[in-house]
Every structure is written in structure tokens, then in C-alpha cells.
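See below for the structure under consideration.
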Amino acid sequence: MYAKEKVKMDSTSDRHRAIRLQWKRFFVFSVCYFLCFTAFRGLRDLQSTLNSAEGAGLASLAILNVCCAVAGLLVPAVIRSKLGTKWSMVLGMSLFTLYTAGNYFTNAYLLIFTGTVLGIGAAFVWVSRGTYITAVAMELAAVNQRDPAADVALLHGIFFSVSRSSTVCGNVISSLVFQKGWQLMDHDEPFDLGFCGIHACGSSDIANSTGALVPPDQGSRNLLLSIYVGFGILAVVIAVVCLERVPPKASPDTDAGEVVSTSKELFHGMLSTLCLMRQPRMALLIPLLAFGGVDVAFTAGHFTKFFIGCTQGIQAVGFVGVSMYVTAVVISPVMGRLMKYTGRVPVFFAGAAVYLLLLLVMALWDPESGQLWHLFAMASGLGFPRATIPTIGSILLGLLFPDQKEAAFGNLCFWQSLGFAFISILGVTEAVCASHVIAVTVGALLTVLVLYSILEFRVHRDKRRPSERVQYVPAGTDMDSGGHKEGRLDTGLGETVNEMDQ
């Protein structure tokens, strides 16, 4: 009797220890990501206004994302077989810090060079992010013997809340540094706002035509960049010291003693990422993944420059932008919980409907008669789709491709980066106006709605098949009837996945 009770206590203790381990990994990872992206996203949202000459800021972001898209095809193999998620994060965050330091100098060529280098680092960070969080969520589900969908949704919801918090922090810091009198936002001087909002075009000299958007002095610029560089260095140090390394899984086609050359592994990784695009589910997901980049580029590049900076000045960009990210921070964990009861579809369509409505409002908004609170309202509204659409995209990747996480999130990096680069480059040429960018964004969102509906229909249809029930098999247990191998997880989507190596 006593022996049985002791075994039960030890089993419970081990289970609690395993749960605490996963939450610790998630917490440390989130802290590193928060610090790194406080710096990067605060700077990213200023690029269209801080380095507006000849569109250098948006050009550097476009180059960054093109390089990230290409690197995203290669880095999953490097992460899986060479670096692992920890050292991939360390490398990526170091390159983020290098990009921030490159902004000390207002040189377009230097910005483009550091953007090119950061594109490689961003691929490591973004692929590691999705892989790490999904792996932790799957392990939590395995320990608790429950459906992984709930844990994947919960952790992604919490993480996206942390992610948006970093943007809030970065934007608040930039506005506090740049403000030389918040009263400028309620200016009494008559500025010509006729070329702002929907009427703004490309890299036209807005500062000379409105008087509202003027570059900050070099002292304020250097102070802001020094703060951001400090955040980046701190993130790297914490990752090196505290972030636990999750060993990458060996390829199932590779023997334990076989040594695979780096070039062969890279080719295999790139091929697996590309081949995944041919699967019907991934093909239907691609527009959704790309729209994540379209949304970020539109809000961080065009909305901040043509609607906020043009009418209120650079010191207002951070303060107005904060309202969008605060909304996203509050909504993200709520949506993660809500999806447990409503499912993904109602939440997704609610976010898309809000986005379409706001784009219509922007197209009709008159900057000359508009008020400051209008900008805050539009920015706050944009936070709702920002908290729902990308979150659902990441959730679907984790659930539909559990045994191909690196390749799946490599696709996320690839298509999101291409979407970002495409919308960003539209802001460089003077021939393209804000009205054109809004029209492109509306078309992209409508395409996403159609293909997402088809995808959810197919997933729902497949889950109703009797042969695809969700079953959990702890490591060390054999199934009598399913024929699954030891330590496998049936996801209910016609796929199985090895439990994550610890």
C-alpha cells in the first residue's frame, strides 16, 4: 500500500516538474524576444519617417524581408541539424542589434547593407520562434494527456500578447525621446495637409509640403538608438545564460552514426520547405501567411507615415501606434481562450471584417478636417485583426504540420517576408499612392478570406473521419490496435509526430 502511494506521489511530482520546465522555457524565450523586439519594432515603425529621404527606411525594410524570405528556405535545416533553437536565437538577436547600431549613420547604403544581414538573422529568429513555442505546447499537451490544439492556441495567444507588448514599449520609448512638446500634436499653425492620408504618394517630400513631419535632431536620434542597442545586448546575454537548448530532432532517414554534410542537409531542408508548399493545406495557407507581412508593412510603413507622421509629426508616431499594440496585447490572450469555445473561424472572420471596415474608413478620411482622436481610433481598431489573423496562422501551422515544424515555420518566414517586402517597396516609388496600397491590401484580404474558408472546410471534413481520432501515446507505451510506434502522437489530422526530444 505504502509503495503504491509513493510511486503515485513520485509520478505526480515528475509530472509537475515537467510542466514547470516547459513553462520556464516559454518564459525565458518570451523575455528574450520581448527585449530584442522592443528595440527592433520601435525602430521599424519609425523607418518610414526617421529615414524618409529617398525612401531609404522602407527600402532597407524591403531588402531585409527579401533576404529573410530566401534565408527562410535554408535556415530550418541549420536549426534542426546544427544550431538548434537556442543558438539560432542568439545569432539572430545579435544581428538585430547590429541593424539597430547601423541606424546611427544616416547613410542609405549602410542601411541597406545592415538590412541585408538582418534578413538572415530574422529568418533564424522567426523560424525558431514558431518551432520552440509549438514544441513546448506539444510537450505540455503530452504531459497532461490532452488535445494539443488547446495548448498551442494558449501559448501562441500569450506569446503574441508578449510580442505586442514589446512594440508598445518600443513606441513609447521613441515618442518620449523625440517629443519636444506634445502640444505640437494639437498644433495651431496652419499646415498644408492636402498631400496626407489617402492623397499621399510614395517618397514625395512630405516634410516640405506640410511642415508637420520634420527629422529629429542628431542628439535625440543617438539617444534613442543607444537605448535600443542596450535592449538588444541584454536580450543576447539572457539567451546565452538562461535559455535552455532544445536538441534538434534527427532526420528519420538518417542513421544515428551517419554524418551528413552541411551542403546536403541544407539542400534537404530547402527541398522539404519547398515541397511543403505543394501540399494542398499549405497552398491554401500561403495567402494567409503572406498577409501577415502585408498587414505589418501597411501599418508600420504607410499608416504611420501618411496618416500619423504627415499630419502630426514624428513624435506622434509612437504614441498613436501604442493604441494599436495595446489593443493587440489585451485581445491576444482573450482570443486564445475564446477559441477554445468558439473555434477559430468566428474569431478569424471577426478580425477580417474589422480590418476591411477600417480600410474603408481610411479611404474616406479627410486629413484636413480630421481630428487626432480619429487616428487613435483607427490605430486601436487595427489592433484587433493584428491580434487574431497572425495568431490563427501560427496555430494552423503548428496543428496541421506537427512533424514538419521547421519547414512549416520556414514557409511562414518566407511568405510573410515576401508580403512585407512587396508592400514596403510600394512606398519607395512616388508613382504609387496610399490609395493604391489600400486597394492592394483589400484585394489581398479578400483572397485570404476565400482560401481560408476552403481550408477550414477541408480540415473539418477530415476530422470527422472515424479513422482520424485524436489519440495520445506517452513515451514508453505501445498501442495495441493503432500500430503506432512508441512515443508517437496522433494529431487527428491524418499525421503523427514524435514527441520532442528533451
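Keep in mind that what you see is a predicted model, and the values were worked out from it rather than measured.
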Practice task
With the side chain counted from C-beta on, respond yes when Leu35 and Met93 share a heavy-atom pair under 4.5 Å apart, and no when they do not.
Solution key: no
Practice task
Spell out, as yes or no, whether a donor-acceptor pair under 3.5 Å connects the side chain of Ser175 to the backbone of Val172.
Solution key: no
Exercise for the section: Take Phe348 and Val448 through the test side chain to side chain contact (heavy atoms under 4.5 Å, CB included) and record every step on the way to the result. Expected result: CA-CA 11 Å; Phe348 181 87; Val448 169; 3.6 Å; yes
Practice task
Keeping the roles fixed (side chain from His374, backbone from Gln371), state whether a donor-acceptor pair exists under 3.5 Å.
Solution key: yes
Exercise for the section: With the side chain counted from C-beta on, respond yes when Thr97 and Phe231 share a heavy-atom pair under 4.5 Å apart, and no when they do not. Expected result: no
Practice task
Return yes if some donor-acceptor pair links the side-chain N/O of Arg41 with the main-chain N/O of Ser163 below 3.5 Å, else return no.
Solution key: yes
Practice task
Starting from the C-alpha separation in whole Å, work towards a yes-or-no answer on side chain to side chain contact (heavy atoms under 4.5 Å, CB included) for Phe159 and Arg129.
Solution key: CA-CA 10 Å; Phe159 177 79; Arg129 176 197 71 184; 3.2 Å; yes
Handout entry: From Phe349 atom CZ to Ser453 atom OG, the distance as rounded to the nearest 0.5 Å
Key = 3.0 Å
Problem - Main-chain N/O of Val320 paired to Ser323 side chain as donor or acceptor, under 3.5 Å - result: yes
Practice task
Would you check if there is a donor-acceptor pair between the side chains of Ser166 and Tyr325 at a distance under 3.5 Å?
Solution key: no
Practice task
Scan Phe29, Phe124, Tyr33 and name whichever one has a ring pair (Phe, Tyr, Trp, His ring centres under 6.0 Å) with Tyr132.
Solution key: Phe29
Practice task
Kindly state whether the ring of Tyr355 and the ring of Phe291 have centres lying under 6.0 angstrom apart.
Solution key: yes
Practice task
Could you check whether the rings of Phe40 and Phe37 sit parallel, tilted or perpendicular, using 30° and 60° as the cut-offs?
Solution key: perpendicular
Practice task
Using modelled atom types only, decide if a donor and an acceptor are shared between the side chain of His302 and the backbone of Ile423 within a distance under 3.5 Å.
Solution key: yes
Exercise for the section: Check whether any side-chain N or O of Thr114 sits under 3.5 Å from a backbone N or O of Leu111 as a donor-acceptor pair, and report yes or no. Expected result: yes
Handout entry: pair Val347-Thr342: side-chain heavy atoms closer than 4.5 Å
Key = yes
Practice task
Under the side-chain hydrogen bond (donor to acceptor under 3.5 Å, both in side chains) rule, collect the residues that match up with Arg386, sequence neighbours excluded.
Solution key: Asp295, Thr299
Practice task
Mind running side chain to side chain contact (heavy atoms under 4.5 Å, CB included) on Leu288 and Leu285 for me, showing each step along the way?
Solution key: CA-CA 5 Å; Leu288 174 57; Leu285 260 179; 3.6 Å; yes
Handout entry: Any side-chain heavy-atom pair of Arg221 and Val177 under 4.5 Å
Key = no
